[in-house]
Amino acid sequence: MPRLRVAIQRTGWVRLGMEVGVYYRGFETMPTRAPYPFAEIEPRWQTAWAETRCFRAAQPGEPGSEKPKVYILDMFPYPSAAGLHVGHLEGYTATDIVARYRRMRGMNVLHPMGWDAFGLPAEQHAMQTGTHPRVTTAKNIDNFRRQIQAMGFSYDWEREIDTTDPKYVRWTQWIFLKLYEKDLAYVAEAPVWYCPALGTVLANEEVLPTNEGPRSERGNHPVERRPMRQWMLKITAYAERLLQDLDLLEWPESLKEMQRNWIGKSEGAEVVFAVDGSKEKIPVYTTRPDTLFGATYLVLAPEHPRVASLTSPSQKTAVEKYVRESSAKSDLERTELAKKKTGVPIGAMVVNPVNGEKIPVWVADYVLASYGTGAVMSVPAHDERDFAFAKAYGLPIRKVIRPESGSVPDCFTEDGVNFDSGFLDGLKTPKAKAAVIDWLEKRGLGRRQVRYKLRDWLFSRQRYWGEPFPVVWKGDQHQPLLEKELPLTLPELADFQPTASGEPPLGKAETWKKLPDGRMRELNTMPQWAGSCWYYLRFCDPHNDSLPWSAAAEKYWMAGGGVDLYVGGAEHAVLHLLYARFWHKVLFDLKLVSHPEPFRRLVNQGIILGEDNRKMSKSIGNVVNPDEVIREHGADALRVFEMFLGPLEQMKPWSSKGMEGSVRFLARVWRLVCEETESGEWIPSPTLVDEAPEPETVKALAKATAKVTEDLEKLQFNTAISALMVLVNHLTGLERRPKAAVAQLSKLLAPFAPHLAEEVHARLGEKGLASVAAWPTFRKEDLEEESVELAVQVNSKLKGRMILPSKAGKEEIEKMVRVHPEIRTWTGGKIVQKVIVVPGRIVNLVT
RNA sequence: GCCCGGGUGGUGGAAUGGCAGACACAAGGGACUUAAAAUCCCUUGGGGAGAAAUCCCCGUGCGGGUUCGACCCCCGCCCCGGGCACCA
């Protein structure tokens, strides 16, 4: 709807001679006029930027590459049908501000954008409508690109990447071959998560525990365990390095902690218990081998392979019943909510290797088959779970560790000192652990062991819209394709439905799957994460047709520890960010990249809640559509508002009132250079003068420049904008506004509201584009006030103020306070015992 | 239960040992206008005294502590958000 200016409405009223009441009624339904002509300004500058290619990053060797480089990256989006939401834009705005700032600081900035475009939604859409995912994806990408470009982001569009492009897929498959050659890709028959609703298997990382049981991360569908033959990537081979190298990274501590938890390293020992009256041995894994003397029984998981063979005839019925019941239980029943532990003795005894004692063997489902050896030694006195179990079944509890001071609690799980432990007596926990392991190792009864919770990455999916594996099968032997056979592209299909038997949709491509020599293609495709595992490397050299990236480009852009700033949501903590680190390390070992980590510095933007303080959701109807906001208020205002809302990393609610405030701020900037006439035309403001700024204005400029610069370095955009507001308020208050001052403002504003900044810059007759202008500087002495107001406290209570020369030293200040005319009133005539002076801040008199 | 964040006006937030509440939103008042919108200016943490300039008291989740001085550091608790959770 076109916006009508007030003046037109006014004349309309006069000319048409409408009655006042009619006029009012019409008026209320009319949109208010735009506070400044952003709809005209914004497209103009977007075109200018595109035409001058001013955001193009210089490749090493090209002119411009001699500047210091900086790589500023966003987590590229999956182009969904719903389009971008304001949450995406928050992170993208933040990185764009930094990219623009760095460019103005004279750096060669790599700031690219692309599309993580393989994925299930397009495929499901295809199942419903028959539209090929390629078509849907292309449409969605166009829409995303349009939305992103409407925001005026300074991406180097010549580097745009689409993970579904065969030119890109080729290299994703190429990297897979590298993993394959290094024996990091293998096929295994294992119990895996299968999601019937999605018709595919999922990686551990893609399954979330919920109150309704395990669910898929995408779509929240129930998932179940199924033994299936699948491709796995050996991420566990890198567990230790993935853990250790977290220390190299400037990432949020919470996120590093999540990765540490996921990797789940524990150090302990495997201890072997011999079965009494048999040659069988049962290894258990424990992190507390020092408590071995306190072991009073042993527990096997119900799925433990030896349960059946070790069960005595008298216990057979009870054990079989228990195992059957356990397997029928959901994971939920077996874990969280099941406070009560259950189990059955199997009628066998094992020998404790340290003291030869015979202890009973139980089966209980509080022991997990999937972790360790599926068997534990139970030390009820020093483990809470064992304690609960022993209490429930009246099993003996034997204390062998005491705290260094105080009495021994019933169940003491911390480090302490051993007693009643034979050769371990008197040893503190760390020493006792080492001693018992040495003792066991010497006798072949156990060994030191490090374990990780991290499992290998299930890498195949029964989907169509993904990268085909560059692998063929000859019988049950797999073989890699040759490099020159890449890319292996997807066959055209009309029917994308997976079959109930779990056969992937590619199985329907009869001519594609069968090779002339009788070999068969792999029918699974790669998960969506494959493309995002290395896109940041492709951005370094996106048009290379002979290599995924050239060594020179990688070395140049990834110097200094990889991507310099990576911004995205925290939901990728153990998915994308772990997988990408893993691939990067493999590439590092292959000498294809120059640093062991891909993302040196990572920042998570906080989510933006709806105006009602709830998570934005279509079903609640509190989603803010950026297209509408831009239409109504302009992209600059949206950028400014998203940054002004609060600290980047914090969760914060949307506010349409606050949004209007940002528009008002930008309109004030606009009105520094333009004034509206009676008839609604914008004309150059007569307040603009070709004069040197007054000292007050010089000071205001210096302050703003210092504050904005400092805040940009720290990504504190909200306070930077507030400093700009202070400057604008100052300039608005001036009757004569020096052009140079407003020009400096336009440059400070350029990273935040680039369109308006360009317009103001141009209207002031400044040369070139504000976007690539040199960042303003300031003289230090302009920050210094001649005199400063000092707060005077007596016994830490504020009593008064005094104005002092700002260069006054401590002694001088003290002297001046002591002779201040009001000193007696302030101190109440008491004798001053001590004076604390903080120059420029306070004076505190202690009486 | 464990591990990370966080708790400041009516609201979003600012201040990381030195004048709590920058900047903005909302609210109220004023100017301009026939009127409205827009714009500009003023007031605005709470309570109290005063005709007034002004002055006093309270105040950063709660309770202690360190310090001349604490939103900030330390100890103990409460609440909110996120993550992990029978991983031996």
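Chain naming here is simple, since letters A, B, ... match the order of the sequence lines and numbering starts at 1 in each.
Contacts between residues 658-673 of chain A and RNA chain B, defined by a heavy-atom separation below 4.0 Å, involve A:Gly661, A:Arg664, A:Arg668, A:Arg671, listed by number. Residues from residues 371-383 of chain A that place a heavy atom under 4.0 Å from any atom of RNA chain B, listed by number: A:Tyr371, A:Val376.
One atom, CD of A:Gln605, and another, C1' of B:rG81, lie 17 Å apart when rounded to the nearest Å. The distance between atom CG of A:Leu609 and atom P of B:rU11, rounded to the nearest whole Å, is 16 Å. Following rounding to the nearest Å, A:Leu454 (CG) and B:rC84 (P) show an atom-to-atom distance of 14 Å. Look at CH2 on A:Trp654: it is 14 Å from C1' on B:rC25, rounded to the nearest Å. Atom C1' of nucleotide B:rC23 and atom CZ of A:Phe641 are separated by 13 Å, given to the nearest angstrom. Nucleotide B:rA20 holds its C1' atom 14 Å from the CD1 atom of A:Ile842, rounded to whole Å. Residue A:His572 contributes atom NE2, which lies 16 Å from atom C1' of B:rG82 at whole-angstrom precision. As a whole-Å value, the separation of A:Glu649 CD from B:rC4 P is 17 Å.
Distance CD1/A:Ile263 to OH/A:Tyr452: 9.0 Å, rounded to 0.5 Å. With rounding to the nearest 0.5 angstrom, the CD atom of A:Glu681 is 11.0 Å from the SG atom of A:Cys674. Within the model, atoms CZ of A:Phe387 and CD1 of A:Ile397 stand 4.5 Å from one another, a figure rounded to the nearest 0.5 Å. Annotation: the span from A:Glu217 atom CD to A:Leu208 atom CG amounts to 6.0 Å, rounded to 0.5 Å.
In this model, the phosphate group of B:rA14 is approached by a side-chain N or O of A:Asn718 to a distance below 4.0 Å at OP1 or OP2.
Comparing atom distances between the A:Ser796 side chain and each of B:rA88, B:rG18, B:rC68 picks out B:rC68 as nearest. Listed nucleotides: B:rA14, B:rC68, B:rG12. Nearest to the side chain of A:Lys834: B:rC68. Considering only side-chain atoms of A:Lys657, the nucleotide from B:rC25, B:rA24, B:rC68 that sits closest is B:rC25.
Straight-line distance between the C1' atoms of B:rC58 and B:rC32: roughly 41 Å, to the nearest whole Å. Separating the P atom of B:rU8 from that of B:rC57 is a span of 26 Å, rounded to the nearest Å. Using atom C1' as the reference point in both B:rG13 and B:rC62, the two lie 23 Å apart (nearest Å). A gap of 11 Å separates the C1' atoms of B:rU33 and B:rA38, to the nearest Å. Look at the P atom in both B:rG69 and B:rA24: the space between them is 35 Å, to the nearest Å. A gap of 8 Å separates the C1' atoms of B:rA14 and B:rC23, to the nearest Å. Separating the P atom of B:rA15 from that of B:rA88 is a span of 41 Å, rounded to the nearest Å. A distance of about 8 Å separates the P atoms of B:rG9 and B:rG61, rounded to the whole Å.
Looking at A:Lys341 and A:Asp386, no side-chain N of the basic residue comes within less than 4.0 Å of a carboxylate O on the acidic one, giving no salt bridge. Salt bridge annotation for A:Lys657-A:Glu611: absent, with no cationic side-chain nitrogen under 4.0 angstrom from a carboxylate oxygen.
At most 12 non-hydrogen atoms from other residues, nucleotides or ligands lie less than 6.0 angstrom from CD of A:Glu384. Taking a 6.0 Å sphere around CZ of A:Arg736, one finds it holds 12 or fewer heavy atoms contributed by other residues, nucleotides or ligands. Atom NZ of A:Lys256 has more than 12 neighbouring heavy atoms from other residues, nucleotides or ligands inside a 6.0 Å radius.
Looking at RNA chain B, the stems built from 3 or more consecutive Watson-Crick or G-U wobble pairs, each pair with its key distances under 3.5 Å, are B:1-7 with B:78-84, B:10-12 with B:23-25, B:27-31 with B:39-43, B:45-49 with B:54-58, B:61-65 with B:73-77.
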Handout entry: Contact letters for nucleotides 52-58 of chain B, in which S counts primed atoms plus P, OP1 and OP2 and B counts the base, heavy atoms under 4.0 Å
Key = ------S
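B:rG9 takes the syn form, because its glycosidic angle lies no more than 90° either side of 0.
Toward the 5′ end of RNA chain B lies the nearest nucleotide of A:Ile836, the other residue of the pair A:Ile836 and A:Ser370 mapping further downstream. Nearest-nucleotide positions on RNA chain B place A:Ser722 closer to the 5' end than the other of A:Met258 and A:Ser722.
At the heavy-atom level, A:Pro647 lies under 4.0 Å from the strands shown only through sugar-phosphate atoms. Contact annotation for A:Gln650: backbone-only contact, meaning every heavy-atom pair under 4.0 Å involves sugar-phosphate atoms and none involves a base. If you check every strand for non-hydrogen atoms under 4.0 Å, A:Asn729 touches sugar and phosphate atoms only. At a threshold of 4.0 angstrom between heavy atoms, the contacts of A:Val726 are confined to the sugar-phosphate backbone, with no base atom among them. Residue A:Ser254 is classed as a sugar-phosphate contact, given heavy-atom separations below 4.0 Å to backbone atoms only. Across all strands, A:Thr287 comes closer than 4.0 Å only to sugar-phosphate atoms, never to a base (heavy-atom distances).
Panel note: side chain A:Gln259, backbone A:Ala573; a donor-acceptor pair is recorded below 3.5 Å. Judged purely by atom type and a 3.5 angstrom limit, A:His304 has no side-chain atom pairing as donor or acceptor with the backbone of A:Ala375.
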Handout entry: Derivation and outcome, ring pair (Phe, Tyr, Trp, His ring centres under 6.0 Å), residues A:Tyr393 and A:Tyr297
Key = CA-CA 11 Å; A:Tyr393 289 96; A:Tyr297 61 103; 9.1 Å; no
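A:Thr93 and A:Arg639 form no side-chain donor-acceptor contact under 3.5 Å, judged by distance and modelled atom types alone.
Of all non-hydrogen atoms in A:Val284 and A:Val376, the two that sit nearest each other are CG1-C, 3.8 Å.
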Ignoring hydrogens and angles, write down the donor-acceptor pairs under 3.5 Å from the side chains of residues 287-294 of chain A, residues two or more places apart or on other chains.
| unit_1 | atom_1 | unit_2 | atom_2 | d |
| --- | --- | --- | --- | --- |
| A:Arg288 | NE | A:Asp290 | OD1 | 3.0 |
| A:Arg288 | NE | A:Asp290 | OD2 | 3.3 |
| A:Arg288 | NH1 | A:Thr413 | O | 3.0 |
| A:Arg288 | NH2 | A:Asp290 | OD2 | 3.0 |
| A:Thr291 | OG1 | A:Arg288 | O | 2.7 |

Which side-chain N or O atoms in residues 719-731 of chain A pair as donor and acceptor under 3.5 Å with protein atoms at least two apart or in another chain?
| unit_1 | atom_1 | unit_2 | atom_2 | d |
| --- | --- | --- | --- | --- |
| A:Thr719 | OG1 | A:Asp711 | OD2 | 2.8 |
| A:Thr719 | OG1 | A:Gln716 | O | 3.2 |
| A:Asn729 | OD1 | A:Arg668 | NE | 3.3 |
| A:Asn729 | OD1 | A:Arg668 | NH2 | 2.4 |
| A:Asn729 | ND2 | A:Met725 | O | 3.4 |
| A:His730 | NE2 | A:Thr697 | OG1 | 3.0 |

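Relative ring orientation between A:Trp362 and A:Phe389 is described as perpendicular, the plane-to-plane angle rising above 60° on a 0-90° scale split at 30° and 60°.
Under 3.5 Å, the side chain of A:Asn844 and the base of B:rC68 form at least one donor-acceptor pair of N or O atoms.
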